[in-house]
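Report on one structure; see the data block that follows.
Keep in mind that the numbers below use all heavy atoms, side chains included, and drop hydrogens, waters and symmetry copies.
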Amino acid sequence: MHERIAQLKHGFIASVQADEGSPLRDSRLIAALAHATVLGGANGLRINSPADIRAVREITDLPVIGLHKQHNGTRDVITPLVEHALELAQAGADIVAVDASREIRGGDLSIIGAVRDLTGLPVMADVSTLDEGLRAWDAGAALVGTTLSGYTPYTRADPEHPDFALVEQLAARGVRVIAEGRLRSPADVVRVLDLGAYAAVVGRALTDPLITSARYAAAVASARSSAAPA
Ligand SMILES: CC(=O)N[C@H](C=O)[C@@H](O)[C@H](O)[C@H](O)COP(=O)(O)O
């Protein structure tokens, strides 16, 4: 097994990302946030774009899963092209994440082998269903992420919770599965590892203060509206 994959075993990976328009959209801020998660104990990082990967590479030797998000009018596609993967590798990614959904790839998963062979790096296939995960694993993905569950038109997911069932089903079939998407607490991480996940990715709940503040604000608003008038 690839050394970088082994380093992630039974750990948690901090996804540190900020889209255009976010107050955190600055590679130096991404690197600072990533640094904080590493000091806190993260075992790896998931980082979007060559610029952010370069900035993060300055602060850590931990495994970096690189991706290139491209909006297709409906959602972000993860690393649509081999050319993007090459740029991620040049920037210092250790593992390249690619969208392996049927929605984007149809029946053709040749991107997995192409990225692996051209970059020399292991590939993490992001999927939304059991079938997609099994096909990506057979096509040579080193890791299969549940990242896209709830984001393809044919998947429904509880917006408040990870897709625990998909994690369990992939693990039961011997797939090296990364639980990703809507993990919100240390308890969620422990639960997916218990279900057989190889590692867990935590994104917005860990690294996006806008999202976490909105959760507090919603809780306060809800408590106020149900409180008896003074
Ligand atoms: C669907 C998609 O584009 N997911 C992206 C993949 O890199 C990121 O926007 C997510 O933040 C990441 O998957 C972690 O998930 P969460 O932030 O829910 O913990």
Side-chain angles (χ1 to χ4, degrees), residues 1-20 22-69 76 78-79 84-85 87-98 119-126 141-147 162 167 176-194 197-213 215-216:
M1 189 201 306
H2 200 284
E3 178 207 344
R4 300 310 242 166
I5 301 290
Q7 275 179 279
L8 297 175
K9 189 172 184 182
H10 298 160
F12 91 94
I13 298 158
S15 176
V16 192
Q17 303 183 27
D19 294 333
E20 284 311 321
S22 163
L24 300 174
R25 187 47 272 150
D26 179 323
S27 295
R28 288 166 303 181
L29 295 178
I30 295 292
L33 274 172
H35 197 174
T37 68
V38 169
L39 292 176
N43 302 97
L45 296 159
R46 182 165 158 121
I47 305 291
N48 176 40
S49 84
D52 286 2
I53 291 168
R54 282 201 176 84
V56 165
R57 203 70 286 177
E58 301 279 316
I59 59 93
T60 185
D61 289 330
L62 286 179
V64 170
I65 302 169
L67 63 146
H68 175 115
K69 270 185 181 173
D76 288 320
I78 314 288
T79 318
H84 297 136
E87 289 168 9
L88 297 169
Q90 275 170 6
D94 299 297
I95 298 163
V96 176
V98 303
T119 64
L121 297 176
V123 172
M124 173 172 175
D126 289 325
L143 301 168
V144 172
T146 59
T147 317
V167 172
R176 200 178 291 127
V177 57
I178 302 288
E180 173 166 351
R182 301 179 299 279
L183 275 77
R184 292 186 26 165
S185 64
D188 281 346
V189 171
V190 170
R191 184 164 168 200
V192 295
L193 294 176
D194 284 348
Y198 188 75
V201 172
V202 188
R204 293 163 296 174
L206 176 64
T207 61
D208 188 343
L210 197 152
I211 297 288
T212 43
S213 295
R215 286 173 62 197
Y216 284 98

Practice task
Taking atom CZ of R191 as the centre, report whether more than 12 heavy atoms of other residues, nucleotides or ligands fall under 6.0 Å from it.
Solution key: no
Problem - Residue list, side-chain contact (heavy atoms from CB on, under 4.5 Å) with A14, at least two apart or on another chain - result: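 A14 satisfies side-chain contact (heavy atoms from CB on, under 4.5 Å) with V16, T37, A42, L45, L206 only.
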Minimum heavy-atom separation for [X] and [Y], please, with both atom names.
| X | Y | answer |
| --- | --- | --- |
| L8 | G44 | CD2-CA, 3.9 Å |
| A197 | V167 | CB-CG1, 3.9 Å |
| I78 | K69 | CD1-CG, 4.4 Å |
| A199 | I13 | CB-CD1, 4.1 Å |
| L183 | A200 | CD2-CB, 3.7 Å |
| P23 | L210 | CD-CD1, 4.4 Å |

Handout entry: Pairs involving residues 30-68, ordered by first then second residue, that meet ring-ring contact (aromatic ring centres under 6.0 Å, His included) (sequence neighbours left out)
Key = H68-H84
By the salt bridge (charged side-chain N to carboxylate O under 4.0 Å, His left out) test, which pairs, at least two apart or in different chains, include something from [range]?
| range | result |
| --- | --- |
| residues 6-18 | none |
| residues 198-213 | none |
| residues 32-46 | R46-D126, R46-E180 |

For [X], check side chain to side chain donor-acceptor pair (under 3.5 Å) against everything at least two apart and list the hits.
| X | answer |
| --- | --- |
| N48 | none |
| D194 | none |
| D76 | H71 |
| Q90 | none |

Not counting sequence neighbours, which residues clear salt bridge (charged side-chain N to carboxylate O under 4.0 Å, His left out) with [X]? List them please.
| X | value |
| --- | --- |
| R182 | none |
| R57 | D94 |
| R54 | none |

Report the distance from atom [atom1] of [X] to atom [atom2] of [Y], rounding to the nearest 0.5 Å.
| X | Y | atom1 | atom2 | result |
| --- | --- | --- | --- | --- |
| S49 | Q17 | OG | CD | 9.0 Å |
| T119 | L88 | OG1 | CG | 9.0 Å |
| I178 | L143 | CD1 | CG | 4.5 Å |

Got a donor-acceptor contact below 3.5 angstrom from the [X] side chain to the [Y] backbone?
| X | Y | value |
| --- | --- | --- |
| R25 | A18 | yes |
| Y198 | I5 | yes |
| R176 | A142 | yes |
| T207 | S15 | yes |
| T79 | A97 | yes |

Exercise for the section: Would you check if V56 and V64 make a side-chain contact, meaning some heavy-atom pair closer than 4.5 Å? Expected result: yes
